[in-house]
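Inspection log for the structure reproduced underneath, given as structure tokens.
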Amino acid sequence: MAEATEKALNFIEQIIEDDIAAGKNDGRVLTRFPPEPNGYLHIGHAKSICLNFGAAQKYGGKTNLRFDDTNPATEETEYVESIKADVKWLGFDWAEELYASDYFDHLFEFAKKLINKNLAYVDDSTSEEMAVMKGTPTVPGINSPYRERTIEENLDLFERMKNGEFPEGTHVLRAKINMASSNMLMRDPIIYRIKFATHHRTGDKWCIYPMYDFAHGQSDSIENITHSICTLEFVPHRELYDWCIENLEIFPSKQYEFARLSLSYAITSKRKLLQLVNENYVSGWDDPRMPTISGMRRRGYTPEAIREFCERIGVAKRDNLIDVSLLEFCVREHLNKIATRVMAVLDPLKVVITNYPEGKVEELTAENNPEDHESGSRSMPFSREILIEKDDFMENPTKKYFRLAPGLMVRLKHAYIIKCDEVIKDENGEIVELRCSYIENSRSGNDTSGIAVKGTIHWVSTAHAVKAEVRLYDRLFKVEDPSREDGDFKDYVNQDSLQTITAFVEPSLVNASLSEHYQFLRKGYFCLDRDTTPEKLVFNRTVGLKDTWAKEAVK
RNA sequence: UGACCCAUAGUAUAAGGGUAGUACAACAGUUUUUGGUACUGUGUGUCUAGGUUCGAAUCCUGGUGGGUCAACCA
């Protein structure tokens with residue numbers, strides 16, 4: 001019965017185990033996580049991070065963090081810093097912090113080696129001319145008129161490219177492979193181009209930069225990476241990856257591809273996320289509605305929850321769209337264990353307990369977390385006038401409603417049972433106040449009343465409650481898969497994804513901490529936002545509680 | 001109309017030729033001083049047609065469907 005408890009391997013782990021069993025690389029496992037510093041990391045990167053770091057960890061190996069910074073036009077130090085912070089926050093430590101730009105000298109020599117082997121040439125064609133000569137997927141390309149330059153001429157031209165003698169776009173270095181290949185990437189790919197841009201690390205040292213295909217595999221090889229794990233769109237690059245390594249006669253790192261993560265009601269494209277930021281659809285990369293690591297962190301998601309999510313979604317090669325409810329499940333699962341329970345009324349209704357003495361204040365004991373007996377308790381003031389949730393009263397209750405209604409009783413969590421005696425309305429017929437009476441011997445912990453009520457609701461003492469800004473988030477997109485819809489993805493942004501309200505929270509929350517997670521009882525999980533000031537508390541709703549009543553109410 | 005990758009419940013993911021499982025979602029119920037949590041139960045799922053085999057989700061072939069590739073991006 002108990003033998004099936006071991007988790008099945010994903011196909012990458014399978015490959016690694018097979019390699020170890022075959023004695024490849026003497027059993028050594030070295031992976032890398034290779035972000036381009038041109039944007040913030042998102043949930044899709046989290047999958048890759050967990051896979052790369054996780055697999056290495058599992059097999060006693062290590063993982064390098066390597067920035068793929070070969071395009072100075074889009075890359076910035078700000079992104080480098082955010083990426084490092086996000087990887088650390090997720091809970092992973094890299095063996096070495098490296099940059100493809102560290103290898104620019106090396107890569108330049110590699111290029112000359114190819115030229116010397118008559119496997120690369122400088123092409124003076126314009127990009128339009130090259131595009132024409134490249135052919136199409138169904139039509140083979142034709143050779144460039146510059147393809148048969150002599151090695152000496154190529155060496156000289158390439159050197160002069162490096163020396164800044166030519167303007168951008170006038171010359172490129174191409175690998176000499178096969179213009180008729182069915183793989184477009186093998187049709188003499190450009191491996192070096194001229195760019196007079198300041199690089200975030202090398203400054204103005206270089207005016208030529210290697211292309212991805214001439215940097216990534218070689219960087220892997222230089223670092224002796226054993227398993228270079230990337231996403232499916234790089235499958236056709238593998239042939240070129242192997243070609244470079246073979247012809248450069250360097251360490252044979254191997255590339256393996258898995259399907260990237262897509263999340264429902266979200267987008268995971270750095271380009272599109274950047275648009276949302278630049279065009280102010282969100283407040284920044286770390287807006288809590290963003291599927292970025294920094295956004296999720298600010299939202300109150302935990303690294304444990306994200307790692308568990310990445311574990312549960314699995315790794316395979318088929319396109320997938322993961323239901324965001326699985327992510328939310330993982331978040332709730334973890335927060336349920338660690339969140340401090342507190343009371344907060346989001347949409348208040350005044351309740352006066354007519355038979356409770358005016359001016360009297362009782363300090364009641366409230367447990368901090370029923371899931372964690374070590375978490376202790378705190379005290380909460382109770383008094384004659386309290387606030388409850390508007391939702392928790394129904395003037396004409398339906399059969400299955402078991403909260404407060406005229407003549408009915410509910411339990412105030414951690415406090416007394418009360419009975420609704422009178423409903424007070426304003427001139428518009430709006431309910432503005434409830435007059436209730438409490439059952440004196442029904443206090444939580446020493447209830448001798450013998451009364452059994454079906455409902456328990458949360459509350460705060462009006463005089464002691466603290467006002468707080470609460471930000472309620474909904475999914476950022478109205479459709480399941482915005483990237484597949486017609487037209488601009490921004491047309492599908494949910495305009496109501498942020499709702500800001502003023503809530504009344506229990507006084508203990510004036511000491512709320514940025515590092516703590518809270519459950520507003522019966523309402524959801526919340527965390528303090530960094531916008532909080534000494535004058536104003538600001539909370540983010542991380543995720544709501546599962547609400548079977550909401551479903552029932554719709555019926 | 002080329003090459004390459006992929007195809008198992010609504011969504012993901014296992015089953016390494018031998019009983020098609022698991023999780024989320026959904027639905028029903030039990031417990032409950034959170035309509036939370038926990039627990040129990042509920043499923044006409046192997047794209048299709050052939051082939052190999054005692055036996056195929058698994059191996060082979062054809063088809064169908066989806067994805068990727070024609071950036072001086074990664």
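Just so it is clear, the values below take in all heavy atoms, side chains as well, and ignore hydrogens, waters and symmetry mates. In what follows, chains are A, B, ... by sequence order, proteins preceding strands, each numbered from 1. All figures in this text were calculated on a predicted structure; none of them were measured in a lab.
- Put simply, R484(A) has a side-chain N or O that comes within less than 4.0 Å of OP1 or OP2 on G67(B).
- Within 4.0 Å (heavy atoms only), Q14(A) reaches at least one base atom of the nucleic acid.
- Put simply, T70(A) has a side-chain N or O that comes within less than 4.0 Å of OP1 or OP2 on A74(B).
- Using a 4.0 Å cut-off, some side-chain N or O of K551(A) falls inside it from OP1 or OP2 of C27(B).
- Both geometric conditions, a ring-centre gap below 5.5 Å and a plane tilt below 30°, are fulfilled for W549(A) over the base of G35(B).
- Across all strands shown, F402(A) has heavy atoms under 4.0 Å from base atoms, whether or not it also approaches the sugar-phosphate.
- Put simply, CZ on F329(A) is 18 Å from P on A12(B), counting in whole angstrom units.
- Distances shown here put every side-chain N or O of R411(A) at or beyond 4.0 Å from the OP1 or OP2 atom of G35(B).
- Within the structure, a side-chain polar atom (N or O) of T548(A) is placed less than 4.0 Å from OP1 or OP2 of G36(B).
- Base contact: S127(A) has a heavy atom under 4.0 Å from a base atom.
- Take the nearest nucleotide of RNA chain B for S442(A) and for D69(A): the residue whose nucleotide is more 5' is S442(A).
- As judged by a 4.0 angstrom heavy-atom cut-off over every strand, V235(A) is placed among residues touching the sugar-phosphate backbone only.
- Remark: R312(A) is not in phosphate contact with U11(B), judged by side-chain N or O atoms under 4.0 Å from OP1 or OP2.
- In this structure, R318(A) does not reach the G66(B) phosphate: none of its side-chain N or O atoms is under 4.0 Å from OP1 or OP2.
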(request) For RNA chain B, produce a single dot-bracket line, 5' to 3'. Pairs: Watson-Crick or G-U wobble, both distances under 3.5 Å. Symbols: ( ) within strand, [ ] crossing, | other strand, . unpaired. (result) .((((((..((((....[..)))).(((((.......)))))....(((((..]....))))))))))).....
